[in-house]
Amino acid sequence: MLMKEKVSVITGAASLRSIGYAAAELFAEHGSKVVVVDVRMDDEIVAAVRASIEEKLGRAAVVHGFRCDISKPQECEELVRQVLALHGTIDCLVHSAGIVRSQSFMEIGEQDLDTMLDVNLKGTFHICQSVLKVFAQRKAGNIVNLSSLAAQRGGGLVGGAHYAASKGGVLSLTKSIAREFGHLGIRANAVCPAMIDTPMLDGLSAERLEGITEGIPLRRVGTTREAAGACLFLASDLSGFVTGATIDVNGGSHIH
Ligand SMILES: NC(=O)c1ccc[n+]([C@@H]2O[C@H](COP(=O)([O-])OP(=O)(O)OC[C@H]3O[C@@H](n4cnc5c(N)ncnc54)[C@H](O)[C@@H]3O)[C@@H](O)[C@H]2O)c1
C-alpha cells in the first residue's frame with residue numbers, strides 16, 4: 001500500500017474511461033482516500049465512480065466527489081474548503097482535468113484560444129494555487145500534473161497548437177512550483193501521456209488510429225492504468241527525491 005490513509009484529490013475523473021478515474025481506482029487500491037473532481041461531477045457520477053472502484057477492489061473504499069470548474073479560481077478555493085471540511089487535510093493532487101481540440105493553427109480563433117488556456121493552463125494554475133495554500137501550511141504535499149506529448153514535440157496527434165501551448169505551460173508551471181516550494185518539502189512533477197485509450201481518442205477514425213499506432217515502438221495505444229501508474233509513482237514516497245521531473249507515458253512514440 002503506497003498511499004495508505006493519504007487524502008488524494010484527483011481532477012478530471014468523471015468518466016470511468018479517463019486517466020483521472022484510473023488514478024482514483026489505483027490510489028484507492030493503495031489505501032488512499034480519494035476525492036474525485038470534475039466539472040461534470042454530480043451525485044450519480046460519484047456513486048458510479050465509487051461502485052466501480054469498490055467492485056474492482058472487492059472491498060469498501062473512501063470515495064467522495066465534488067463538482068468544480070477548475071477555470072474558476074473561486075470554485076477551486078471552495079473545493080479545497082470542502083475537502084478540508086471532509087478530511088481535514090490534503091496530501092496529494094493529481095490534476096488530470098483538461099480539454100483538447102483538433103484545429104489547425106489558422107483555424108484557431110480568439111475564443112478557442114481563450115477557452116483552451118482558461119481550462120488547461122489557468123485552470124492548472126488555479127487548482128495548484130488553492131491546494132498549495134494547504135501544502136505550504138503543512139510543509140508537505142505532492143502535485144502530479146497531466147501535461148502531454150504535445151507539449152514536448154509541438155502539437156499533438158490529437159490537439160492543435162493552442163492545446164500544445166497550454167500543455168507546455170503546464171510543464172513550466174509544474175517546474176516553477178517544484179523550484180519555489182521544494183524548500184518546504186513539497187514536490188511537483190508532470191506526466192506526459194500520449195495515445196492513452198480514453199474519450200480523448202474517440203474523435204480518431206479507425207484508419208487514423210491504425211496509422212498512428214504503427215509509428216509507436218510498442219505498437220499499441222496505452223491504457224489508463226498505465227498512465228495512472230506513473231501518477232502513483234510520482235505521488236508516493238517511491239519518488240521521494242524526484243521533483244520538477246516529467247515522466248513520458250507514450251509507448252516510445254517520443255524518445256528524446
Ligand atoms: N488520453 C490521452 O491520450 C492523453 C494524451 C495526452 C495528454 N492527456 C491529458 O491527460 C489528462 C486526462 O485526459 P483523459 O484522456 O483522461 O481525458 P478525459 O476527457 O477522459 O478526462 C478529462 C476530464 O476533464 C474534465 N474537465 C474538462 N474541463 C474541466 C474543467 N473546466 N473543470 C473541471 N474538469 C474539467 C472533463 O469533464 C473530463 O471528464 C488531460 O489533461 C489530457 O490533456 C491525455
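Atoms within each ligand, like the ligands themselves, are counted from 1 in listed order.
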- Message: To check you understand the geometry: which heavy-atom pair defines the closest contact between His30 and Leu2, and what is its length?
- Response: ND1-N, 3.1 Å
- Query: Near ligand 1, which protein residues have a heavy atom under 4.0 Å away?
  - Reply: Gly12, Ser18, Ile19, Asp38, Val39, Arg40, Cys68, Asp69, Ile70, Ser96, Ala97, Gly98, Ile99, Val119, Leu146, Ser147, Ser148, Tyr163, Lys167, Pro193, Ala194, Met195, Ile196, Thr198, Pro199, Met200
- salt bridge (charged side-chain N to carboxylate O under 4.0 Å, His left out) partners for Asp202, two or more places apart: Arg17
- Work out which heavy atom in Ser130 is nearest to a heavy atom in Val80; give both atom names and the distance. CB-CG2, 3.7 Å
- Donor-acceptor contact present, side-chain Gln103 to main-chain Gly160, <3.5 Å: no
- Task: Could you point out which residue of Asn189, Thr246, Asn145 forms a side chain to side chain donor-acceptor pair (under 3.5 Å) with Thr174?
- Result: Asn145
- Out of Lys4, Arg187, Arg138, which residue meets the salt bridge (charged side-chain N to carboxylate O under 4.0 Å, His left out) rule with Asp91? Arg138
